Amino acid sequence: MKLITTIYLAIGIVLVMLSIVTFGYIQQTKEVKQSIAEVLETSNIIRESEQAQKLIIDMETGLRGYLLTGRKVFLEPYDAGKVTFAQTIARLDSITKDYKVQNQLVHDIKDIATHWQTTFSEPLIKSRASSHLGHSFKAHYDSVYSNTVLLGVGKGIMDKARNKFDLLEKEEELLQSSRLKELDSSLQLTNIVAIGLTLLSIAIGGFLAYVLGRTIRNRFQRMNNLALSIAQGKYDVSLTDHKHDEISGLTHSLNIMAEKLQSSFTHLTKVNQELDQFAYVVSHDLKAPLRAINNLAEWIEEDLQTDDKEILQNFSTLRGRVHRMENLINGILEYSRIGRKALPTSTFSVQDMLKEVLENLAPPASFTVKASTELPVITAERTLFYQVLSNLLSNAFKYHHTQQGNIEIRAKELPSHYLFEVQDDGPGIPKEYQQKVFTIFQTMEARDVKESTGVGLSIVKKIVEEKGGQIWIDSDGSSGTTFLFTWPKSHALTSTPPKTSAS
């Protein structure tokens, strides 16, 4: 199976689990919503019941006021309550139709209220309204009043209605309490289901991610180890991968690369050996005639036994050219070997190396060389660093325009490397020549004026850049030159010797 297919499958499983979580939550939400609606319905019934009771009280109060005063203004609450009561009872009848017990109580209340109106309130209102028409009407009212009001007929009827209201509210309160418990249970179940499914999704997703991630990591780790082996020059390595996915393709490519690198390395090794042999042969074959020419020149000069200054000068020039040619051959060979042969690394003090270089170069006593800053202790190829420092100092001595001079060595520690400076107070190097002097065989002065192969600075530049550093010149072209170069700090040590000077 392709790796991307496996990843899509894992993501699909997680998405399915999330869909299940969402679906379960929606279902539980519907149940909670239904429970809330039922609780609100119960509250609505209780509210309507309380409203109906209030209307009955208003009707009783209005009737009582009218009977006591005979003023029709007191019948306004009665008349309004009668209409509103009928509407309220109708709403109660509608919202309790699905509940047999409550609906029956509503019908009982309606019948009691109708009975109260037809047998109690309406006859009293009618007789009270005609009581002022004469004695017989007054006597009829008094009779009705005595047989109903004074005997508590109306109160008895309304007490029955109130009892029915109490029963209705008790039923609804019990139902409301039951529904609230159901609502609470639904909410708890919703939370449990949501949390449970979410945790399950996280667990499954985490497990899939762990398994997939671990598998991919292990396979990439194997490829990383293969790449590190290749980087360390071990090209005869390979990996076996039978997954037939994208990583397998990358593994196959690495195997091919290792195989081709091994082939190229073998070829390069052979070529380098041939080059070394060629360099040795060329060096031997070229130096042998040069030595013969030099010996012949010395013999001829001895045999001539002449004091002619021109002849002697010509022989000296001839030997100088031979010596220059030999130095040039040595420089070319040295330049060609840089970077082709691994040299051992060691830890050394640049300050001690400076003293060693000065002892070997043996500059005139009129030259002063000093280190104005602490020179570090570094770990590197000592031979290469020696060549860099020796060539830079040799140039400073050789191309100085006076018989005395001052040369200053400085070092500065930077985050990833060291910056070295070799500053002299010589004639300077014009801007247009500051890049050319690093070109092989390039010299600032004619070789007849200053004996030079023009290879030294080329060797310095190649060594510094081979080690991952840079070299450049800072000079105004008229007074003094500073050669600056960086040396990687990957193997640099933190300890430094005390600052000293050499002269």
Side-chain angles (χ1 to χ4, degrees), residues 228-235 261 264-265 268-269 271-273 275-280 283 327 329-361 369 371 373-396 407 409-422 437-440 453-473 483-497 500 502:
L228 287 176
S229 297
I230 294 173
Q232 293 169 0
K234 301 175 183 177
Y235 306 120
L261 284 173
S264 298
F265 177 74
L268 285 175
T269 301
V271 169
N272 280 337
Q273 291 174 348
L275 285 175
D276 288 339
Q277 183 66 25
F278 174 77
Y280 173 78
S283 172
N327 288 340
I329 292 171
N330 290 334
I332 293 172
L333 291 174
E334 189 176 353
Y335 182 83
S336 68
R337 290 193 183 105
I338 295 173
R340 291 200 301 114
K341 285 190 176 182
L343 297 175
T345 60
S346 61
T347 301
F348 56 89
S349 166
V350 178
Q351 184 69 53
D352 293 341
M353 178 177 284
L354 175 61
K355 294 179 181 179
E356 181 182 342
V357 170
L358 293 177
E359 288 175 0
N360 292 332
L361 292 178
V369 181
T373 63
E374 294 181 344
L375 299 182
V377 173
I378 67 173
T379 298
E381 294 90 337
R382 192 179 190 280
T383 302
L384 296 181
F385 196 90
Y386 182 93
Q387 283 183 286
V388 171
L389 192 59
S390 176
N391 276 310
L392 291 178
L393 289 174
S394 175
N395 266 27
I407 299 174
I409 315 295
R410 293 186 294 272
K412 182 179 181 182
E413 184 178 0
L414 299 174
S416 61
H417 56 272
Y418 280 105
L419 173 64
F420 293 94
E421 300 180 23
V422 179
V437 294
F438 292 112
T439 304
I440 193 168
T453 61
V455 179
L457 289 181
S458 302
I459 291 175
V460 169
K461 181 178 176 65
K462 189 172 183 181
I463 290 174
V464 170
E465 292 182 349
E466 281 282 340
K467 296 296 106 184
Q470 292 181 320
I471 185 167
W472 66 97
I473 296 173
F483 282 86
L484 302 96
F485 70 93
T486 59
W487 195 269
K489 196 180 174 184
S490 56
H491 299 294
L493 303 180
T494 55
S495 61
T496 55
T500 59

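Residues: numbered from 1 along the sequence shown. None of these values were measured; they are calculated from a predicted model.
Legend: residues meeting side-chain contact (heavy atoms from CB on, under 4.5 Å) with Asn360, ordered by chain and number and at least two apart, are Glu356, Tyr386. Legend: residues meeting side-chain contact (heavy atoms from CB on, under 4.5 Å) with Thr486, ordered by chain and number and at least two apart, are His417, Leu419, Gln470, Trp472.
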Side chain to side chain contact (heavy atoms under 4.5 Å, CB included) between Leu484 and Phe420, intermediate numbers included: CA-CA 6 Å; Leu484 302 96; Phe420 293 94; over 6 Å; no
Side chain to side chain contact (heavy atoms under 4.5 Å, CB included) between Leu457 and Phe483, intermediate numbers included: CA-CA 10 Å; Leu457 289 181; Phe483 282 86; 4.0 Å; yes
Intermediate values then yes/no, salt bridge (Lys or Arg N to Asp or Glu O under 4.0 Å), Glu421 and Lys412: CA-CA 9 Å; Glu421 300 180 23; Lys412 182 179 181 182; over 6 Å; no
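Between Ala396 and Ile407 the shortest heavy-atom distance is CB-CD1, 3.4 Å. Across every non-hydrogen atom of Leu375 and Arg410, the tightest pair is CD2-C, 4.3 Å. Between Pro376 and Ala411 the shortest heavy-atom distance is CD-CB, 3.7 Å. Nearest heavy atoms, Phe348 versus Ala380: CE2-O, 3.8 Å. When all heavy atoms of Lys489 and Pro415 are compared, the pair lying nearest together is CD-O, 3.9 Å.
Counting heavy atoms from C-beta on, the side chains of Ile378 and Phe385 come closer than 4.5 Å.
Taken to the nearest 0.5 Å, the CD1 atom of Ile471 stands 5.0 Å off from the CG atom of Leu392. The CG atom of Leu354 lies 11.0 Å from the OG atom of Ser390; values are rounded to the nearest 0.5 Å. Atom CD1 of Ile463 and atom OG1 of Thr383 lie 9.5 Å apart (nearest 0.5 Å).
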